[in-house]
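Worksheet: the structure to be examined is printed underneath.
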Amino acid sequence: MRRIEGWRSLLRLPPEQRQAFLASLSPEERKSLPRHWRLWARPEQIAPEGEWRLWLMLAGRGFGKTRAGAEWVLEVARRDPAARIALVAASLVEARAVMVEGESGILASAPAGSRPLFEPSLRRLSWPNGAVAMLYAAGEPESLRGPQHSHAWCDEVAKWDNCAGRAMAAWDNLQLGLRLGDVPRALATTTPRAVPLVRRLLKEAQAGDGAFSRGATRDNSANLPPRFMAAMRRDLGTSALGRQELEGELLDEIEGALWSRALLEECREAETSAAPPPTFRRIVIGVDPPASAQGDACGIMVCALGEDGVARVLADCSIARPSPERWARRVADTARDYGADRVIAEANQGGAMVRSVLKAADIALPVKLVHASRGKSARAEPVAALYEAGRVHHAGQFPQLEDELCGMLAAGGYEGPGRSPDRADALVWALSELMLGARRVPRVLRF
């Protein structure tokens, strides 16, 4: 377009001159303004200069990673008719729904005159000038063995399936086929999680032939609903998971901790799983009562044992600095809501008091009082081993619980948030009841 050129120069103009220039545009030119990505994009969303091989974008949710990836693909396709682009997501469903057909995806971001043809059955995008993009699922690493590409956009690499090393295998197969053109390139966009692939990519992106950009959710607040921003601050707050999901920060592990972020991510069940919901044998509620209303929180964790033999953490219903009546009522309401068949409560602060408080709240199910005869770490170690064995899953995000788990040390002690791991203690009691209780083993008494 004749007069819409040199957008960086336009951005450098004083506001008055910029407004005058925009007012001088024709209706057709003004209508096309939203399509000029470089006018609106933030510097972190624009491809870096130089001959990089990997560009890693770590940013919080809602930062605009998808739009940045889609615009980069469109620019590659426009400039290089010979481009062969790989579009890789955790699954083909996500590749299509987010990268291609999403509100910020390739089709929505492409100018009408150069929009690619999408053939879902072939998993292919074709541009009028000859550029082609193919869709792949990281959960099927072998599908990337063989095809050659000049460019790749890999979305939400932290969500790729880490089971049996599939995420790393998918990346390695992609790299082995990234050999077309003079400067093969890959863009990886993701909200950071402490999984092996993300740590590897961060190291490579900060090397000589890499590029790295970061961003936070708040950077894009002008384009996000205020209710979304308020909900994210409320749900994640200043927790470590909030730093990860909102600030785009890759969290460091605490040396010697019983749980790691990477382990918890491996044990998290996908929110969009196509598998039927599990059926449960038992549902219990673990309770770690506070010593006083002015003390710590009351940890209240809902856990269930599935027919598949896997325990699942279903909910964190903990309550901060409650009176005995408040936390007992919360336990009673939670038991009713989840159909629990037992409450497991620590009684070190006074077993009679705990039992009487729960009875006053009309807990109409068995209450089992447990006494902590060993230290927190000694009690937690067998439960951590269950996580390592893949026998415990998290059915969602539990930021405050996970912060506490990652602060419990194998050698004893606690380096997490707050004075005490109340949620983690409640979880340990619940999972110990479900998975580590005494089992009757058949014996031959006589011949």
Would you list the atom pairs, donor with acceptor, under 3.5 Å between side chains in residues 99-107 and any protein atom, with sequence neighbours excluded?
from   : atom 1 : to    : atom 2 : distance (Å)
Glu101 : OE1    : Arg96 : NE     : 3.0
Glu101 : OE2    : Arg96 : NE     : 3.4

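With sequence neighbours excluded, the residues satisfying salt bridge (Lys or Arg N to Asp or Glu O under 4.0 Å) with Asp172 are Arg200. Under the salt bridge (Lys or Arg N to Asp or Glu O under 4.0 Å) criterion, Asp425 pairs with Lys376, Arg379, not counting sequence neighbours. With sequence neighbours excluded, the residues satisfying side-chain contact (heavy atoms from CB on, under 4.5 Å) with Ala158 are Thr190, Arg193, Val195, Val198. Considering only residues two or more places apart in sequence or on other chains, Asn173 meets the side chain to side chain donor-acceptor pair (under 3.5 Å) condition with none of them. With sequence neighbours excluded, the residues forming a side chain to side chain donor-acceptor pair (under 3.5 Å) with Tyr387 are His394, listed by chain and number. Not a single side chain to side chain donor-acceptor pair (under 3.5 Å) links Arg227 to another residue, sequence neighbours left out. For Ala170, the side-chain contact (heavy atoms from CB on, under 4.5 Å) test picks out Ala138, Pro141, Leu144, Trp160, with sequence neighbours left out. Under the rule for a side chain to side chain donor-acceptor pair (under 3.5 Å), the partners of Arg282 that lie at least two apart in sequence or sit in another chain are Glu433.
Checked by atom type and distance alone, the side chain of Glu404 pairs as donor or acceptor with a backbone atom of Ala424 at under 3.5 Å. With hydrogens and angles disregarded, a donor-acceptor distance shorter than 3.5 Å links the side chain of Lys65 to the backbone of Gly60. The main-chain N or O of Thr191 is found under 3.5 Å from a side-chain atom of Glu156 such that the two form a donor-acceptor pair. The closest donor-acceptor contact from the side chain of Arg53 to the backbone of Gly210 lies at 3.5 Å or more, if one exists at all. Counting only distance, with no hydrogens or angles, the side chain of Ser377 and the backbone of Ala411 share no donor-acceptor pair below 3.5 Å. Using a distance-only test at 3.5 Å, with no hydrogens or angles considered, a donor-acceptor pair links the side chain of Asn220 to the main chain of Gly62. Checking side-chain atoms of Thr217 against main-chain N and O of Arg61 turns up a donor-acceptor pair under 3.5 Å. In this structure a side-chain-to-backbone donor-acceptor pair under 3.5 Å is present from Gln45 to Gly64. When atom types are taken as modelled, the side chain of Arg330 and the backbone of Cys317 share a donor-acceptor pair closer than 3.5 angstrom.
Side-chain contact between Leu427 and Phe398: absent, with no pair of heavy atoms (C-beta onward) separated by less than 4.5 Å. Using a 4.5 Å heavy-atom threshold, the side chains of Ser318 and Gln400 count as separate. Two residues are said to be in side-chain contact when any heavy atoms from C-beta on lie closer than 4.5 Å; Val284 and Trp429 fail this criterion. Using a 4.5 Å heavy-atom threshold, the side chains of Leu56 and Glu204 count as separate. Two residues are said to be in side-chain contact when any heavy atoms from C-beta on lie closer than 4.5 Å; Pro278 and Glu307 fail this criterion.
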When you look at Trp55 and Arg185, which way does the side-chain contact (heavy atoms from CB on, under 4.5 Å) test go after all the steps? CA-CA 8 Å; Trp55 173 23; Arg185 291 180 165 180; over 6 Å; no
Report the C-alpha separation of Cys267 and Val392 in whole Å, then their side-chain angles, then the decisive distance to 0.1 Å, and conclude whether the side-chain contact (heavy atoms from CB on, under 4.5 Å) test is met. CA-CA 7 Å; Cys267 295; Val392 180; 5.8 Å; no
Evaluate Leu436 against Leu386 for side-chain contact (heavy atoms from CB on, under 4.5 Å), listing each step before the verdict. CA-CA 9 Å; Leu436 301 174; Leu386 293 173; 4.1 Å; yes
The test is side-chain contact (heavy atoms from CB on, under 4.5 Å); show your working for His393 and Leu314 and say whether it passes. CA-CA 9 Å; His393 291 174; Leu314 300 183; over 6 Å; no
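To the nearest 0.5 Å, atom OG of residue Ser109 and atom CG of residue Leu74 are 6.0 Å apart. With rounding to the nearest 0.5 angstrom, the CE atom of Met57 is 4.0 Å from the OG atom of Ser213. Between Leu87 atom CG and Leu135 atom CG the span is 5.0 Å, to the nearest 0.5 Å. Remark: Glu381 CD to Glu388 CD distance equals 11.5 Å, nearest 0.5 Å. Separating the CD1 atom in Ile85 from the NE2 atom in His151 is a distance of 7.0 Å, to the nearest 0.5 Å. Considering CD1 of Ile300 and CG of Asp333, their distance stands at 9.5 Å, rounded to 0.5 Å.
When all heavy atoms of Met301 and Ala426 are compared, the closest pair comes out as CG-CB, 3.8 Å. Val287 approaches Pro289 most closely through the heavy-atom pair O-CD, 3.5 Å. Nearest approach of Trp52 to Ala47, heavy atoms of both residues: CZ2-CB, 4.2 Å. Taking every heavy atom of both residues into account, Val132 and Ser126 meet most closely at CG2-OG, 4.4 Å. The minimum heavy-atom distance linking Leu201 with Leu54 is given by the pair O-CD2, 3.7 Å. For the residue pair Trp259 and Leu405, the shortest heavy atom distance occurs at CE3-O, 3.5 Å.
Listed by first then second residue, pairs satisfying salt bridge (Lys or Arg N to Asp or Glu O under 4.0 Å) with a partner in residues 123-144 read Glu119-Arg124, Glu142-Arg145, not counting sequence neighbours. Pairs passing the salt bridge (Lys or Arg N to Asp or Glu O under 4.0 Å) check and including a residue from residues 208-226, sequence neighbours excluded, read Arg218-Glu247. For residues 104-147, the ring pair (Phe, Tyr, Trp, His ring centres under 6.0 Å) pairs, not counting sequence neighbours, are Tyr136-His149.
Salt bridge present: Arg67 and Glu71 bring a charged side-chain N and a carboxylate O closer than 4.0 Å.
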